[in-house]
Amino acid sequence: MPPTSPRMAIAIAGAGIGGLTAALCLARGGHEVTLYERAPALREIGAGLQITPNGAAVLEVLGLGPALDAAAIRARAVCPTDGHSGRAIARFALDGEAHPYRFMHRAALVALLAEAAQAQGVRLVTGRRVTGADPAAGRLDFADHESITADLIVAADGLRSALRPLVADEGPRFTGQVAWRAMLHGVVAEPEARIWMLPKRHVVTYPLPGGRLNLVAVREQPDWAPEGWDHADDPARLRAVFEDAASELRGLLDRVEEVRLWGLFRHPVPGRWHDGRLVLLGDAAHPTLPFLAQGANLAIEDGWVLAQALSQELGTALGRYTAARAPRVRRAIAAAQANARNYHLSGPARRIAHAGLGAIGRLAPARFTARMAWLHAHDVTREMPATMAGDGQDC
Ligand SMILES: Cc1cc2nc3c(=O)[nH]c(=O)nc-3n(C[C@H](O)[C@H](O)[C@H](O)COP(=O)(O)OP(=O)(O)OC[C@H]3O[C@@H](n4cnc5c(N)ncnc54)[C@H](O)[C@@H]3O)c2cc1C
């Protein structure tokens with residue numbers, strides 16, 4: 001592989017949170033970046049997002065702190081709650097972090113990333129579905145049978161990436177869990193994430209700006225056989241699954257008017273994330289279960305690290321990017337899976353776990369922050385400081 005030129009032509013497939021962050025970081029590094037998005041316009045599902053301090057560290061270095069504050073709610077605590085009684089088991093403060101923990105609408109984050117990327121010179125092409133690539137030649141193919149070439153192709157096209165099979169052969173597998181997502185309006189709620197835990201099920205609620213409440217409900221279910229991987233569902237089905245829940249939670253579920261059901265899928269994190277001029281990023285490389293609120297945060301970190309790694313020869317740079325990212329995302333994925341087990345306990349194991357959590361909450365609440373420090377206090381912008389021309393600007 002020849003050495004990288006100081007300014008590369010980079011094509012990114014997918015303008016989700018990962019693709020947009022990567023585009024912004026790479027354009028700030030002086031590269032010529034084009035984003036290809038299959039949707040006719042940038043739009044996001046009506047859902048919330050928890051941007052944890054590790055993701056915020058990157059967005060703030062990119063100059064987006066004030067815009068985030070304007071579009072988000074600063075989270076104060078996370079409250080594991082007994083989903084049967086409605087009793088808060090513990091309350092772990094989130095406000096002592098180096099970067100704020102925020103709740104925001106996905107569409108708001110996409111809009112502010114898109115604006116910043118375009119202001120940095122990124123070209124955004126919508127209505128362009130990627131169908132394949134030639135990693136050695138740096139060729140990207142589209143559904144309309146046209147192709148372009150680039151010095152580097154970034155596959156940021158999500159869980160069902162069209163490009164991932166060129167690098168890794170295992171596709172997504174159903175995890176035995178489904179998630180409903182809903183948004184309630186006109187709700188006054190504390191700036192806290194509540195995790196309502198029930199046997200084989202849980203619900204996470206947190207507020208969003210504008211008096212909205214984001215709700216994600218998860219249940220274990222052995223099979224998933226639908227037409228797509230998400231679809232509209234009847235709110236009555238959601239209510240039936242949680243009919244034995246605390247009255248406060250049932251009251252919230254009674255207010256759900258529209259709900260979408262998602263099968264939760266994962267695929268193994270590949271050993272290699274790149275081949276020739278093609279590299280994977282975000283969910284295309286490492287989808288994670290939503291039980292640690294990390295999929296988007298890890299994709300944001302990926303974008304930063306990739307841009308900094310590219311100060312070296314391409315093959316070395318992509319190897320360095322993978323080496324920096326793979327252990328961290330594997331650890332996060334394992335932690336998300338452990339949360340799934342802990343949230344869904346039943347019988348004596350549930351009683352013992354809740355008693356232990358309650359004791360930590362009363363006697364040593366700082367242990368929660370300490371236990372999450374590897375995840376939330378990790379700052380990739382310090383680990384890999386800006387190295388390229390544009391990234392020095394306002395760091
Ligand atoms: C219920 C639920 C709750 C979640 N909550 C959180 C949370 O609170 N915090 C968090 O960090 N993460 C959360 N996540 C995870 C997060 O949503 C994903 O990890 C994140 O969106 C991944 O970003 P991405 O850019 O890699 O992929 P995506 O967001 O999937 O974006 C991929 C983009 O590529 C486009 N695309 C796809 N195929 C093609 C193609 N062939 N050609 C061109 N474009 C294409 C898509 O249209 C899309 O715009 C949650 C996930 C779920 C299911």
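Remember, it's 1-based here, ligands and their atoms both numbered in the order they're listed.
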Quick one: sort the Phe92 and Phe368 rings into parallel, tilted or perpendicular, breaks at 30° and 60°.
parallel

Side-chain H-bond candidate by donor/acceptor type, Gln337 with Arg266, under 3.5 Å:
yes

For Ile17, the ligand 1 atoms whose distance to one of its heavy atoms is below 4.0 Å
25 (O)

Minimum heavy-atom separation for Met384 and Ala324, please, with both atom names.
SD-CB, 4.5 Å

If only side-chain N and O atoms count, and only distance matters, is there a donor-acceptor pair under 3.5 Å linking Tyr206 with Glu192?
no

Can you list the atoms of ligand 1 that are under 4.0 Å from a heavy atom of Ala293?
7 (C), 8 (O), 9 (N), 10 (C), 11 (O)

Ring of Trp262, cation from Arg181 - is the NZ or CZ under 6.0 Å from the centre and inside 45° of the axis?
yes

Are Glu301 and Asn54 close enough that some pair of their side-chain heavy atoms sits under 4.5 Å apart?
yes

Closest to atom 6 (C) of ligand 1 among Leu42, Leu280, Asn54, Leu49 (heavy-atom distance)
Leu49

N/O of Val130 under 3.5 Å from N/O of ligand 1, yes or no?
yes

Ligand 1 atoms nearer than 4.0 angstrom to some heavy atom of Gly14 are 33 (C), 34 (O), 35 (C), 44 (N)

Of the listed options Arg38, Arg160, Arg129, closest to atom 44 (N) of ligand 1 (non-hydrogen atoms)
Arg38

Closest approach of Asn297 and Ile51, non-hydrogen atoms and distance?
OD1-CA, 3.6 Å

On a heavy-atom basis, which atom in Pro270 and which in Leu280 lie closest, and how many Å separate them?
CG-CD1, 4.2 Å

Side chains of His267 and Arg164: any donor to acceptor distance under 3.5 Å?
yes

Restricting to heavy atoms, the pick from Arg181, Gln50, Gln294 nearest atom 5 (N) of ligand 1 would be Arg181

Which is it for Ala296 and ligand 1 at heavy atoms under 4.0 Å: side chain, backbone, both or neither?
both

Does ligand 1 have a heavy atom under 4.0 Å from the side chain of Ala39, from its backbone, from both, or from neither?
neither

Could you tell me whether some N/O pair between Arg106 and ligand 1 is separated by less than 3.5 angstrom?
yes

Enclosure of Arg129 CZ (heavy-atom neighbours >12, cutoff 6.0 Å)
no

So is there a nitrogen or oxygen of Gly18 less than 3.5 Å from a nitrogen or oxygen in ligand 1?
yes

Atoms of ligand 1 under 4.0 Å from any heavy atom of Tyr36, numbered from 1 in the order shown, are 43 (C), 44 (N)

Subset of ligand 1 atoms that lie under 4.0 Å from at least one heavy atom of Gly282
26 (O)

Within the 4.0 Å heavy-atom shell around Gly158, which atoms of ligand 1 are there?
27 (O), 30 (O), 32 (C)

Which of the numbered atoms in ligand 1 are under 4.0 angstrom from any heavy atom belonging to Ala156?
32 (C), 33 (C), 34 (O)

